[in-house]
Amino acid sequence: MSDTLAIVLRVLAVFVVFLVFPLVIGQTEHKVMAHMQGRLGPMYAGGFHGWAQLVADGVKFAQKEDIVPAGADRKIFQLAPAIALLPYLLVLIAIPVGPGNAVGQALDAGVFFVLAVMGVGVLGSLMAGWASANKFSLLGGLRTAAQLLAYELPMLLAAASVAMAAGTLSLPGILDAFHWWWVPWQIVGGLVFFTAGLAELQRPPFDMPVADSEIIFGAYTEYTGLRFALFLLAEYAGIVVLCALTAVLFLGGWHGPFGADGLGWLWMLLKTVVLAFVVIWLRVSYPRLREDQLQKLAWTCLIPLALAQIALTGVIKVVIS
Amino acid sequence: MGIPGSGLAKGLAVTLRTMTKRTVTEQYPDVQPELAPRTRGVIGLFEENCTVCMLCARECPDWCIYIDSHKETVPPAAPGGRERSRNVLDRFAIDFSLCMYCGICIEVCPFDALFWSPEFEYAETDIHELTHERDKLREWMWTVPEPPALDPGAEQPKEIGAAQKAADKLAAQQAKEAEEARQAAAEQAGTDQRTKDAGEEA
Amino acid sequence: MTLAAASHGFLTPSGVEIAFLLVGLVTLGAAVVTVTTKQLVHAALWLVVALGGIAVEYLLLTAEFIAWVQVLIYVGSVVVLLLFGLMLTKAPIGRSPDADSGNRWAALLVALASAAVLVWVVVDAFRASWIDLDGAAQGSTEVSGRSLFQHWVLPFEALSVLLLAALVGAIVLSRRGGEDTPDGRAVPGNGHAAAPGAAASTGPDSARREGQR
C-alpha cells in the first residue's frame, strides 16, 4: 500500500513540476527579457508586477476557437501537440533532484532514455508542419528536421562523454560518481550539450524553424487556442528539462559546496534556475542564426568539440584508473 | 578583433547591464507623461481674436477647418460718418480625425487666435465626435500653457525688440531734451554771472 | 535462460506475457498498416508506432538499454530523416494512388520469405528456453556492454569499419557532385520547393548523417 502511495506521490510531484516550472520560466522570461530591453513587461495581470500573466494567457487560449484548416490532415494535426508535449513529461520522471532516492523513477540507462525521448518530441513539430497544409508550416517542419539531425549528434556525444567519465548510464549513478573537478574537465562537453539542446528546442538564437519574420511561426503557423498553448508549453517544459539535465550531467546536480544532505534539492533548483536564466539571456542577446550558419556551427564546430571532449575524457579516465 | 568570442561576451554584457538600469517604460494611464513644453496635443481657439479672415482654413493641408460667418453692419463711430461692416463668427470647427497636427493654421493666423494645447486625451468611440466645435475649441484655450521662458542668451522676440527700440529712442530723445534744457539753463546762469561780473567790474 | 520448466505453461500466462503478446499484435498491425496505407506520411508515422512497439517489447524483456537505443536511433532519427525526405517530395495530404508499384506481389513474396527466415532463426535459436524476468536483469546496460565487447567484439568492429566506409563514401560523393555541377545541389522537380538555404545546406549534411548510421 505504501509503495503504491509513494509511486502516486512521485508521479504527482513530477506532474506538478511539469505544470508549474514551465509557467515560472515563461513568466521569468517575460520579465527578464523586458528589463534587458529597458521595458517593464507585464504589469497588470494578478496585480503585483503581472505575476499572473501566463495564467491569463492560458485562460485566453482556452477560450479560443479550436480551428483545423480545411486542407489539413485532421487527425495528425490534432495529435501533433500531444506528441510534442508528452516526451518532456516522461523525461522529467527520470531526472534526479536530490541524493538517494529523490527521483521519479531511477532508470538503468537514464541518459539514453532522456535523450531518446527528447528526440521523439521533435516528431510533434514535424507532424504539425506536414499536416497543416501550409507552405510556411512545411518549411518550418523541414528546418526542424534538418536542425534535429544536425544537433542531436553533438548532444549525444557530449552526454556520452559524461557517461564515460562516470562509468554508468544511470543519472543518479552519474551524480554519485561526481567530483567537483569534473566541472572543468567536462566544461567543453557541457557547452556543446547546452548549445545543442538549445538548438533542439528551437530557442533563439537557433530559432530558424519558427523564424517569425520569414515563415510566420514555422510548423505552428496554423495552430490556435489550446493546441498552440500546448506547443508553447512544450517549449518551456523543454527548457526545464534541458536545464535540469545540463545541471545533472555537467554541474553536479544536487552536489554543492555545503549542505549536501538536506539542501541537495536546493542546489539542483539553483543550478536549473541559473541555466534557465542563461537560456533567456541568450535569447535577448543574440540575433537569429541563418540556416547555413546553423548547420555549419553544428557540423564544423560542435561535433569536433564533442569528439575532442570524448578523447580527453578517455585519456584522463585511463590515466586516473 | 581580439579574443574569439569576445564579441559574444560583449553582447551578453550589454543586455545584463541594461537589466540593472532603470526601465524607460511610460506607465501612462497610471502616471501622466511628462510632455515637452511645446507639445502639439490639440488646437485651442481664442475666438475674440478671430476676424474670420479664413487664412487658416485655406492653408490647412487637410481641409479640416470649417468656418462659417455672416456680415454685420456697425453704426458709424461718429455722427455723420459711414457705416462699417464686420464679420461675425458663426461656426469654427476642426475635424481632428483629419488633422495631421502640422500647425500651419497656428503659424498663419495673423491675429493670434489659434494656440497649441498639450491636452491629448480626447479619443472618441465615434469618429464624428472628433470634430470639435467652437465651444469645445474655446475650452481647450484654457489649457494652453504660458509660453515657455526663452533660453538664456536667446534672441529677443521681434515685438519686444521693436518696443524696446522705440522706448530706447524715446528715452534717448528725452535725455537729449533734458540735456539741452540743462545746457540752456547753465548758459542762462552763465550769462547772468557774466552780466553780474560785468556789473561788478563796471 | 532456463528451459521451459513445468512452472511455465502456455495456458497460465503471467501479466507480462499477456502484455508482450498484446504489444506484439499492435506492432504487427502497425507494420502491416505501414506497408498498406495509401498515405505516404501516414505510413512513416505508423512506422513510428511499429518501432515504438518493438522498443516496448525490448523493455518487457528487461533489455532496457536496447529499448532506449531503439527509440533514439529509429524513432528519433531514422523516422525524422524519413519524414524529412518525404517533405522534400510531393507527398500530398491524402491518398497518393500513384505510389503503388507493380512489384507489390514480388515485394510481398520477399517480405514473407525474409519474415519466415527470421522467425525460423529465432525459433531455432531459442526453442523452448525461458527468460527469467524476475531475477537479475539480463538486458541491463552492463550485461549488454559486457557481451558486446567480450563475445562480439569482432562483429562490432567490422560493423564500425563498414559505417566508416559509408561515411567516407558519402563525403566523397557529396564533394564530387559539388565539383562537377556547381549548382547541382538543387534537387530538380521537387513539389514543395524548400527554402534554398534549408535544402541546399542540409543536403550533404543529411547524407553524411545517413552515412553515420
Side-chain angles (χ1 to χ4, degrees), chain A residues 71-77 79 83 87 107-123 126-127 129-133 135 138-150 152-153 156 163 167-170 173 208-209 214-215 290-296 298-299, chain C residues 39-42 44-45 48 51-52 55 59 62-88 91-94 137 139-145 191-206 208-210 212:
Chain A
D73 194 328
R74 288 192 78 86
K75 276 190 194 127
I76 297 187
F77 185 86
L79 196 63
I83 303 273
L107 287 166
D108 179 35
V111 176
F112 262 95
F113 167 75
V114 163
L115 293 175
V117 175
M118 270 178 87
V120 173
V122 179
L123 268 183
L126 290 185
M127 286 163 66
W130 181 78
S132 293
K135 291 185 182 67
L138 187 76
L139 281 177
L142 272 176
R143 289 181 179 185
T144 307
Q147 196 155 313
L148 176 80
L149 291 177
E152 185 145 286
L153 192 57
L156 267 178
T168 173
L169 283 175
S170 137
M208 202 66 190
E214 299 172 22
I215 51 174
R290 221 170 45 214
E291 187 65 40
D292 61 327
Q293 291 168 333
L294 267 178
Q295 297 289 337
K296 211 170 184 175
W299 292 101
Chain C
Q39 306 193 23
L40 280 177
V41 175
H42 284 198
L45 294 174
V48 173
L51 295 170
L59 266 185
T62 68
E64 201 184 303
F65 177 73
I66 309 286
W68 300 133
V69 169
Q70 165 88 10
V71 173
L72 184 70
I73 302 294
Y74 284 97
V75 180
S77 303
V78 169
V79 173
V80 169
L81 203 64
L82 213 68
L83 281 174
F84 183 68
L86 273 182
M87 283 180 179
L88 286 177
I93 288 176
S140 70
T141 315
E142 201 178 340
V143 176
S144 307
H192 300 297
S201 65
T202 53
D205 293 334
S206 50
R208 217 183 308 168
R209 176 74 173 177
E210 256 172 318
Q212 276 165 348

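This structure is a prediction, so every number in the text was calculated from the model and none was measured. In the text below, chain A, chain B and the rest are named by the order of the sequence lines, each starting its count at 1.
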What one should report as the nearest heavy-atom pair of A:W130 and C:V41 is CE2-CG2, 3.1 Å
For this session: Output, in order, the C-alpha distance, side-chain angles, deciding distance and verdict of side-chain contact (heavy atoms from CB on, under 4.5 Å) for C:L72 and A:L156.
Result: CA-CA 10 Å; C:L72 184 70; A:L156 267 178; 3.6 Å; yes
When the 4.5 angstrom heavy-atom criterion is applied to A:A72 and chain C, the contacting part is backbone
Residues passing the side chain to side chain donor-acceptor pair (under 3.5 Å) test with C:Q39, sequence neighbours excluded, are C:H42
Checklist entry - Is the CZ atom of A:F77 crowded by more than 12 outside heavy atoms at less than 6.0 Å? => result yes
Hits for salt bridge (Lys or Arg N to Asp or Glu O under 4.0 Å) against A:R74, two or more places apart or cross-chain, chain-then-number order -> none
Correct closest heavy-atom pair for C:M87 and A:L126 would be CE-O, 3.3 Å
Minimal heavy-atom distance between A:A116 and C:W68, with the atoms involved, is CB-O, 3.5 Å
So, the part of A:M208 with a heavy atom under 4.5 Å from chain C: the answer is neither
The interface call for A:L169 against chain C, heavy-atom contacts under 4.5 Å, is side chain
One option among C:V48, C:V69, C:L45, C:L83 has the most heavy-atom pairs under 4.5 Å with chain A, and it is C:L45
Output for pair (C:I66 CD1, A:F112 CZ), nearest 0.5 Å, gives 9.5 Å
